[in-house]
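What follows is one structure encoded as structure tokens, with my remarks underneath.
Position 1 is the first residue of the sequence; numbering continues from there. Reckoned from all heavy atoms, side chains included, excluding hydrogens, waters and symmetry mates. All figures in this text were calculated on a predicted structure; none of them were measured in a lab.
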Amino acid sequence: MVMYYWAREFSSALLTGQGYSTLPRTIVISIVDFKLFMCEEYHSFFQLLEITRHTLLSDKMGFYFYELPKLPVDVSEDNMLLLWLSLFKAERKKMKILIFYSSLCQQVVHKATIIIDKNDLFGE
């Protein structure tokens, strides 16, 4: 499924008559609420490599996976990535605390609320 979405975005960037070299780097970021890989790390990054020499086929694609159950319990205020990821799994009370720590988080939540309200994404 991840490859499908990547391929759709990647191919849509090429207009008729354009050379392949004009294709932009396209990445997929997957934030999952289950353990996907048999490892301890919460973050995995994939690219296409030749299996024996480990030669990169292209830097035009990348797949990031963030596994929420593997996030550390204690998150430093200085680690923006972990703060952001913690928002996805936080209960409301903890989410308010995380947002309080980061003015950037406050801005994004505010803008997301406006977009959700404007587009009635949840049909309420």
Side-chain angles (χ1 to χ4, degrees):
M1 191 64 107
V2 171
M3 295 289 289
Y4 169 78
Y5 288 115
W6 173 84
R8 189 177 71 184
E9 288 302 312
F10 189 65
S11 63
S12 69
L14 188 64
L15 301 175
T16 304
Q18 284 185 313
Y20 291 113
S21 63
T22 64
L23 283 166
R25 178 171 161 81
T26 305
I27 62 169
V28 173
I29 300 172
S30 299
I31 301 171
V32 298
D33 64 351
F34 53 89
K35 293 181 180 180
L36 184 60
F37 303 112
M38 301 289 287
C39 64
E40 293 183 21
E41 296 83 15
Y42 67 88
H43 169 241
S44 298
F45 176 69
F46 295 90
Q47 289 184 301
L48 290 179
L49 296 175
E50 196 284 328
I51 208 163
T52 305
R53 296 181 308 277
H54 303 282
T55 305
L56 183 64
L57 178 65
S58 172
D59 66 348
K60 300 263 184 185
M61 67 184 327
F63 303 91
Y64 291 88
F65 292 89
Y66 296 96
E67 299 170 79
L68 296 179
K70 295 180 182 178
L71 293 181
V73 176
D74 296 321
V75 178
S76 165
E77 295 175 28
D78 300 328
N79 191 327
M80 287 303 294
L81 175 60
L82 281 176
L83 279 174
W84 276 102
L85 291 171
S86 296
L87 282 173
F88 287 99
K89 71 177 228 174
E91 299 167 5
R92 284 192 189 267
K93 185 176 182 180
K94 186 176 178 185
M95 187 179 293
K96 289 179 183 176
I97 293 168
L98 290 169
I99 292 170
F100 174 76
Y101 281 127
S102 169
S103 63
L104 181 58
C105 286
Q106 291 173 2
Q107 292 172 29
V108 170
V109 169
H110 175 71
K111 289 183 190 255
T113 303
I114 291 170
I115 291 169
I116 289 169
D117 289 344
K118 182 177 178 183
N119 293 304
D120 192 26
L121 296 178
F122 299 108
E124 296 176 349

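Between the CZ atom in Phe37 and the CZ atom in Phe65 there is a gap of 4.5 Å [rounded to 0.5 Å]. Atom-to-atom distance recorded for Leu81:CG and Leu71:CG is 8.5 Å, nearest 0.5 angstrom.
Other residues, nucleotides and ligands contribute more than 12 heavy atoms inside 6.0 Å of the CZ atom of Phe34.
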List the atom pairs, donor and acceptor, that lie under 3.5 Å between side-chain atoms in residues 22-32 and the rest of the protein, sequence neighbours left out.
residue, atom, partner, partner atom, Å
Thr22, OG1, Gly19, O, 2.6
Arg25, NH1, Asp59, O, 2.5
Thr26, OG1, Pro24, O, 3.2

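Under the salt bridge (Lys or Arg N to Asp or Glu O under 4.0 Å) criterion, the residue pairs touching residues 60-73 are Glu67-Lys70, with sequence neighbours excluded.
Here Glu50 pairs with Thr52, Arg53, Thr55 under the side-chain contact (heavy atoms from CB on, under 4.5 Å) rule; sequence neighbours left out. When the side-chain contact (heavy atoms from CB on, under 4.5 Å) test is applied to Met38, no partner is found at least two apart in sequence or on another chain. Applying the ring pair (Phe, Tyr, Trp, His ring centres under 6.0 Å) test to Phe45 and every residue at least two apart in sequence or in another chain returns Tyr64. Residues satisfying the ring pair (Phe, Tyr, Trp, His ring centres under 6.0 Å) criterion with Tyr66, sequence neighbours excluded, are His43.
For the residue pair Asn79 and Leu82, the shortest heavy atom distance occurs at OD1-N, 3.1 Å.
Leu56 belongs to a hydrophobic cluster whose remaining members, ordered by chain and number, are Leu49; membership requires side-chain heavy atoms of ILVMFWY residues under 4.5 Å apart, directly or through intermediates.
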